[in-house]
Every structure is written in C-alpha cells, then in structure tokens.
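Below: the structure, in structure tokens.
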Amino acid sequence: MAGYDHQTIERKWQAYWDGHHTFRAPNPGDADFDGTRPKLYVLDMFPYPSGEGLHVGHPVGYIGSDIFARFQRMRGYNVLHPMGFDAFGLPAEQYAVETGIHPRVTTERNVANFQRQLKAFGLSYDWTRTFATIDPDYYRWTQWIFLRLFESWFDPDERRARPIAVLIGDLEEGRRHADGAPWASLDAAARRRFLDGKRLAYLDEVMVNWCPALGTVLANEEVTRDGRSDRGDHPVYRRPLRQWMLRITEYADRLLQDLDLLEWPESVKVMQRNWIGRSDGAVIRFPVAGSDASIEVFTTRPDTVFGATYMVLAPEHPLGDALAREAWPEATNPSWTGGNPDPMRALSAYRAAAARKSEVERQAESKEKTGVFTGTFCVNPVNGEHIPVFVADYVLMGYGTGAIMAVPGQDERDWEFAEQFDLPIVRTVEPLAGFSGKAYLGEGAAINSGFLDGLDVASAKRKIIEWLVANACGEATVSYKLRDWLFSRQRYWGEPIPILHGPDGELRALTDAELPLLLPEIDDYRPAASDDENADPVPALARVDESWRHVEIGGVRYERELNTMPQWAGSCWYYLRFADPANPDALVGTEAERYWMGEHGVDLYVGGVEHAVLHLLYARFWHKVLFDLGHVSTPEPFGRLFNQGYILADAYQDSRGVYVPAEKVEERDGAFWFDGEPVERSHGKMGKSLKNSVSPDDFFAEYGMDTLRLYEMFMGPLDTSKPWTTRDIVGIVRFLQRLWRSLIDPETDLALVSDEPAVPELRRLLHRTIKAVTEDMAALRFNTAVARFFELNNALVGVDRVPREVAEAFVLMLAPMAPHVAEELWERLGHQPSIAYVPWPEYDPELAREETVTMVVQVNGKVRDRIEVSPEIGESEARSLALASERVQVYLSGEPDKVIVRAPTLVNVVVR
RNA sequence: GCGGGUGUAGCCGAAUUGGCAUAGGCGCCGGACUUAGGAUCCGGUGGGCGCAAGCCCGAUGUGGGUUCGAGUCCCACCGCCCGCACCA
C-alpha cells in the first residue's frame, strides 16, 4: 500500500548493482568476456573533486552518457563506461596551504564524497576500473609517458615521433648531420646539446608570468587584465625562465588535419583550428642599411612588399639593442623619439615600460599605437628604398619572427601607426570601385609594384615568392599561433618530473624501473614567496630533504628536477588506462587497447565545452606521440565528442549586489523578497558563486533520482543550456506515479497486468513508441523520448489492466532513463534482476506504421480539408479524392491551374 | 572588429528530404471525486464570431526573395549566447 516509494527503491537497487558488480565490463581474456559483441566506449570527462561536492547541475552530461551506455548494453554492446578523478592541481594545494592539511588527505576525502554522490545518481559506471591521477600506480605511467617524450624526437621527413636512439644511429652512421656538422666532429657536450634540442620534452628559456608573492609562474588565465594575480591580487612580472617545454608545435599540422577525421561539434573544431592558427605566407629578409645584418619578417602578404614603408620589431626582439644607434639621424621627426635624447635611451625606456605590462594589458589598451624609432634604416629588397625601423608593442615577439614589414596601404594596424607617426602610405592593391576606407584588404590588381603590377593577389604572391627565392632574400613559409607547451610548475601537488640534472647541464632520465618517482613528503606546501621581483623562483620540492634531492650514480652527483607537471598531464591519457587499469607492465595492454579503443577510439566522449582547446588539444597531442611510438593503435583518442549544456538557474541579489541564497527567496506580487528585503532576480549557471545550487541530497529526499534523471533529460536538448524550473518537476512526478498506478495493484502491491493481447490501437501506439524512442535514444534526443513516454503513459490511463506486452516493453524502454523504478517494476512483473542486460524491445515496422494517414488538401497552400486515406494511396487516387472534396470545390471554378500531389500526405490545388 | 551558434505559445520546448506549425510538459481556466486538497482524474487553453456543430482571420525576431508550398533554402538587418581578439 506504500505506493511509489522512490527512496526505498533507489537505495535497494543501488545496493544491488554495487553488490553484484552489475556494470563490470569484462576485458578480453576474462572468463566472462564475450568477443562476439561489438564494443562501445562511452566516457565522461573526469571531474576534479572539489570540496563543495556536486549540485544537480553537474551531472547532466553524466546522466546523458549513462542513458546512452545503458541503452547500448541492452542493444547488445560490450560497453566500457568508467569514471575516475583528476586530483592533482592547485585547488587542493591551495586548501592545504590555508589549513595545513595534506592535500592527499583532503583530496581523498573529496574523491570519496564524489563517488558517493555519483553512485546516488544511479550512474552505471564500472567502478572496478576507477582510479585517481594521484595514485602512484597511475602517475607512474604519466611519468613513463614523459620519459617517452624526453626520449623521442620529431622526424621531419616522416612527420612523426621516433625514438631518439634512431636519430643517434642515423648521426653515427652519417645518414644525418647535426645542423650541418658531421657527428664525429662534435665533442660529447656538443652532441648532448644537439640531442637535447631535438627532444619532444626539452628545457628552454621562455617568457613566463612570474608572481614572486605567490612564488610560482602563472598561466595566462590566472593573470588579471591589469597584470596582477587572480588569486591575492599580487603583481605579476614577465620574465624569461628556464622551463620544461613539450614540442606540440611539431604536431600542429597533424592536429589540424586530423580534425577532419572526428565527429565533433563544429564550434570545437573551429576553436582548435583558431588556436593552432596556421597561416601561409613568406619570410622576407630586409638588409639593415650600412650593416651586414638583416631583419627577417613573416608576412601573409608578400605581394604587398612594394608598399612596405617602415619596419617594426617587437620590444623583446633580440636585434633591438644591436640596431639602436647612438644618436638620432638628422631631421628625425620629434614624435619618433618619445622625447628621448638618443635611440638607446628611447629603446630601453620603451622596453622597460612594455615589460611591465602583461600580454593581456598590452592588448587591452589597443586604442592608440605606441613605439619608438631605432635610428636605423633597412633596405626594401624589391625597390632599394630605405625605410625606418621602429620598435612597437603592437608587434608580438611570440608570433612569426617577432618583426614585420609594415604595409599601411593594406593593413589597418600599420595604417593607424603610419598616421600616428607621419609615415608614408603607398597602396599596392587597386581598391575596387566604391571603396572609401583606409587600409584596403580586399582583392584587386597590384599597383605601384614594379613587375607585379596588374596581377591579382594570388598570382602576385606566387610571383613575388619566386623572385624572393631567386634573389635569396626570402621564401614561402607557414606560421602557427600554437606555441610549445610550458610544462613546468613550481608547485608541490603534481607529478614529479623524472629527470636528474648532472654536471655541465647533463640531463639524465630515470629508468622505467625507477618509476614511479614518488612525490616526497613535505611539511610546508607553500611555494617560496618573495617581495623581490628579481628573486628566482624556488619550487616547493626544493625544500625536500637533501637525501631525496641529490642522487649519486657511478660517482657522479645528480640533482633531481624540482618542478612538477601541470594539472593537464594526468588527464591527457586517463581514457587509455581505463581500458586496462591494473596492468602492472604497461600503461595499457595491447589487447585491451585494440579492443576498447578500436576504430574510432572513445566512441562517445561527453563533457563541457570549456575543455574545447586545452585538454582536448593536449590529449590529442600525447595520443599522437603514443601512436607514433606504437603504443596505441588509433591516430585520434576521441572519435566522437559531445558538449552538454549547462543548467542555469535564477539567482537573486540584494540592494548591495550580493547574491542571497536562492532557495530562501520568496515571490510576492511579482517581486522577490529575501529576509524581508526586496531582491533583484537574474539568471546564470547554477553554482556556488550565484548561491543558486540545488543539492542532490535534498532532491533525492523529496523526489528521487529517477525523477531527476527524467527531468534533466526532458528539459530540452542535451547540448543546450537550460533553466532549472522547480515548478516543472511535478510533471515528471505525475508521470512516474501514473505509471506505477497503472502497473501495480494498490491492494496487493504486486504487479497487475493482463495476459490478453493489447487491443490493436494500443499495440500500434506501443510499436510507434518503440520505434521513436529507439531512434531518439540512439541520437541522444532524450527530451523527445521522454515526451513519447508521456504519450504512451497517457494512453494507459483508461486501461483496466495493462497488457503484459505493453507493460514489459514500456519498462524496458524506461530502464536507461529511470533505472531504479524500472528494475523494481521488472522484478514485480515476475523477472529476475537485473534489467540492465535484457534485450531492448523490437518493433514491428508493419505495426509502427500508421494505419491511415490524414491527407491534407490545400488550395493555394492553405489547408482546406483533411481526408483519412490509406498510406498506400496512389497519386491519381489522391488527386481525384482531393478534387472531389466539397471544401475544395468551393474554391474551384472550372479546372485548377495545377495540382501538386504528394501522396499520401498532401495535395495542393493551385487556382490563379 | 572577426568567427561560431541561436531567436517558435504566458514559460521550457516538438517539427525526416521544403509539405497539417506549435508534439510533450509546466502554468492557467473549467469540471469530477472529496471534510479538504497544492493528491488524483476529465475537459479546455493564438485571436474573433457563435448556445453549438462550425466559420473567419493571424502568427515561427524584422524586411525582402525563390517556390504550388518556407520555421526549414537565399539576401539584408536586429536581439541574445559563446569563442577569439593588434596573430602581420
């Protein structure tokens, strides 16, 4: 007599699944593995378990992928559906700094809480495969991959990574030379330097955002607009530092091209293409007047070189100092000097000012161009003209060669600068008629360009490149926005980098047998902070015991690398480990990798669009390296990507603009009140910051997780953001209660179904529903699938006893979305649990088809009549039926001008 | 500024190839059963006329176009969301 008791049912079935390992997916080689079934790898982007836990907005994607996984299990797939935790990284460490509790302790606590919450959502993960990135058994292999990067180089001929031993062999046997020098002619140090410069993981001096107060370098995203640290508001300085880098740029073209292999949202592909930023152009060398030096520029418009009227170097360009003259040339325009007595001082003042600004800041104040003259001129190689060289911060050191030829006639930025500094402007492309703007970027014939005159842009490019090559002052080239990946962090809570530093800068990798290199214990997690902007960064691991930091091998004293890996490292390859999580001998066994990753890699990867670039690009890069080295069998890790939308919710702010807890706000007379005060309603992503979260624990108590799953899927398409509306939940509650009442006898609490066949009308509806739901599920259109459930359910309302054939098919269809209640009903219908692997109901196409079709009869496109016809009706019959209709006759005076027949659905009678 | 997406009822949203616009849910209105209902059930829900059967009209951000026929295709514009932003 209890009715539908969601709490009891959900606890019961979650315990059952847990106890029976219902969702354990056997691996090839396991006794219960069935190799005749096709595989399907359904993966969620794994979470970083924060201290706050989950709210009901978090699991939308998890629920969607779970439904798909459950659906495909019932359709006969071996489904791999794992979950784990990304647990290294700043938040845990920051918390440790504040509380003194070891990050491992808080992280493990958070992981346990997340796992409890995820299980409460009824997600069908194979928990026997779970792990966290902080497990030494896992990060051992993260370090192992790093060593493969360190011990590999990119062979430009084969366009792939190969072991560095191959390169050494080639060098020793003379098949290759080291930058032109025979290998035998180099001493040991030179050979080492050459090889270290070829590795995919290498050390290099790069510009970083250094925050002495926090004692670490910061990612660009961690630096505010005005060049301060996001956390703590401390000053951030740009300075060069020697850091570990990963040579992702070698893979730029393959990362770009292979996007075409992927079934990903177009927006994500576009973001990756933009991030990689390939542009085809040319380098051109401009000789410095009165010197042997030359300035190399990159341009996408070599055809406009006749219009280059000045040059610009980025402030950090190494040639700047060498070029600055001791005195201003005669008659130098006063606006070019920045008010300085000589170019040297002008340059150093300008560079100092630029260095103080962050990259973000430099780009933010783009209203007015700034710069100074170096006092030096270059010679335009095509026409011999002397053109002045400036240093200006609108040119970035990080792109191209860090220097440009300025062509104001065809470049808006250059035009602006030219106006500002009174420089000549020469058009070299004839603007199309009617053009009235400044710089002209369009198509047109070359003018003022000597031997290029009259050519269109593309032809002019081809011709000038030929000329540049012939005259040895340039060639075609490709430039990318993508930079190599800065891989060092000075933080504690990350994977130690398994490298030893020997005397004279020798780098020595740990052997595979020495892995994992455990993260040593430490008393004080705080990064070494300083008020001195010139203080050198001190990694947290520098405070570890001397006995760890120094290693002696063969009488040589080595020092351990003290930087750790960035948070991205662990998430770069976790999908591979899930295929074979306990393998002690390899990151993933060959057979397991071939089976689960076969063909398209992960078959469905669900996660937020916020990882569109970094995580997905880094993971693709590592995967390609592993592919090149033969450790994985597919060129891409994630064949299909799906971005779920966010759950939005109303948020409320008081008169000070402070967010107040949304669940305590009351609505009266169209206004909103909190604690007696009026508050303003707004709208945003559900979360802690807007104080509009809904707790899953509360939701479970009141409605249950089946209701949550159905509700979140019914709200709208999975890939759009949708507002949470508490009021709407009752629709789902009614649905489940109605279904329960239809199938369960309130007297006995047992299922009460009829073994009589369903009446034809109901049977037809059932088969139409199965057809529609099957298609919706396969296409992740869960919102319309739920609508179909409602329709079928509504049809059962008047039925005295629901026929078993309908009841069972309905429960089976419901199982992926509302698994707990489906298991319960399935059991009460007299079956052994579990429903999870019971075959998905089939539909009879005959029955799924409509028995009669409503044929619409239009006159001039307006509906005038509807006639019930057989779906098999022929064209001529449909035509005569339509013309015979009285309602059509009214509009006809004689013969219609035209009759369009689309049997059996539509006839359109045209009368002029 | 550039790129991607999006705009349908009071609200969330449906709509194979261009072919009955608005499925389903919420809300709202009316009714039934009830001591009661915020439970449950039934009916209605773009506008106008009509007691009713029914009839007429309008509508997919705006304005054009193609077509027998446009939410869907094309052009221009407007709003909103997201990404990138001096990338030479």
Notebook entry, point to check: After noting the C-alpha distance and the side-chain angles of A/Tyr480 and A/Asp253, does the key distance pass the side chain to side chain donor-acceptor pair (under 3.5 Å) rule?
Noted result: CA-CA 9 Å; A/Tyr480 299 91; A/Asp253 256 336; 2.8 Å; yes
Next item on the list: Using the side chain to side chain contact (heavy atoms under 4.5 Å, CB included) rule, take A/Ile732 and A/Phe790 through it: C-alpha gap first, then chi angles, then the decisive distance, then the call.
Entry: CA-CA 9 Å; A/Ile732 306 292; A/Phe790 286 161; 3.8 Å; yes
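Computed from coordinates, the A/Gln272 CD to B/G83 P distance equals 15 Å when rounded to whole Å. Protein atom CG of A/Asn643 is 12 Å distant from nucleotide atom C1' of B/G5, rounded to whole Å. Regarding A/Glu712, its CD atom lies at a distance of 24 Å from the P atom of B/G24, rounded to whole Å. Per the geometry, CZ belonging to A/Arg734 stands 8 Å off C1' belonging to B/C26, to the nearest Å. Distance, A/Trp415 CH2 to B/C86 P: 22 Å, rounded to whole Å. Straight-line distance from the CD atom of A/Glu266 to the C1' atom of B/U6: 16 Å, rounded to whole Å. Across the protein-nucleic acid pair, A/Phe298 atom CZ and B/C86 atom P stand 17 Å apart, rounded to whole Å.
Across all strands shown, A/Asn908 has heavy atoms under 4.0 Å from base atoms, whether or not it also approaches the sugar-phosphate. A/Pro717 comes within contact range of the sugar-phosphate backbone alone, with a heavy-atom separation under 4.0 Å but no base atom that close. Within 4.0 Å of A/Asp414, counting heavy atoms only, lies no atom of the nucleic acid at all.
The listed nucleotides are B/G25, B/C68, B/G4; the one nearest the side chain of A/Phe714 is B/G25. In this structure, of B/G4, B/A15, B/A21, it is B/A15 that holds the atom nearest to the side chain of A/Arg781. Side-chain proximity of A/Ile900 to B/U40, B/A88, B/G19: nearest is B/G19. For A/Asn783, taking side-chain heavy atoms from C-beta onward, the closest of the listed nucleotides B/A14, B/A39, B/C42 is B/A14. Distance from the side chain of A/Arg727 is smallest for B/G27 among the nucleotides B/A88, B/G27, B/A23.
Taking atom C1' in both B/U72 and B/C2, one finds a spacing of 27 Å when rounded to whole Å. Comparing the same atom, P, in B/G48 and in B/G58 gives a spacing of 16 Å after rounding to whole Å. Across B/C11 and B/C75, the matching C1' atoms stand 33 Å from one another, rounded to whole Å. Here, B/A9 and B/G46 have their P atoms 13 Å apart, quoted to the whole Å. Straight-line distance between the C1' atoms of B/U17 and B/A70: roughly 14 Å, to the nearest whole Å. Rounded to a whole angstrom, the distance from the P atom of B/G64 to that of B/G18 is 24 Å. Nucleotides B/U45 and B/G10 place their C1' atoms 11 Å apart, quoted to the nearest Å. To the nearest whole angstrom, the two C1' atoms, one in B/C12 and one in B/G27, are 11 Å apart.
With respect to A/Tyr711, the ring pair (Phe, Tyr, Trp, His ring centres under 6.0 Å) criterion is satisfied by exactly one of A/Trp724, A/Tyr703, A/Phe699: A/Trp724.
Across A/Gln889 and A/Leu883, no two heavy atoms sit closer than the pair NE2-O, 2.5 Å. The two atoms that bring A/Thr370 and A/Phe421 nearest to each other are C-CZ, 4.2 Å, heavy atoms only.
Nearest-nucleotide positions on RNA chain B for A/Thr401 and A/Asp728 put A/Asp728 closer to the 5' end. Comparing A/Gly400 and A/Phe790 against RNA chain B, the residue whose closest nucleotide sits nearer the 5' end is A/Phe790.
Remark: A/Lys369 is positioned above the aromatic ring of A/Tyr394, its terminal NZ or CZ atom under 6.0 angstrom from the ring centre and at most 45 degrees off the axis.
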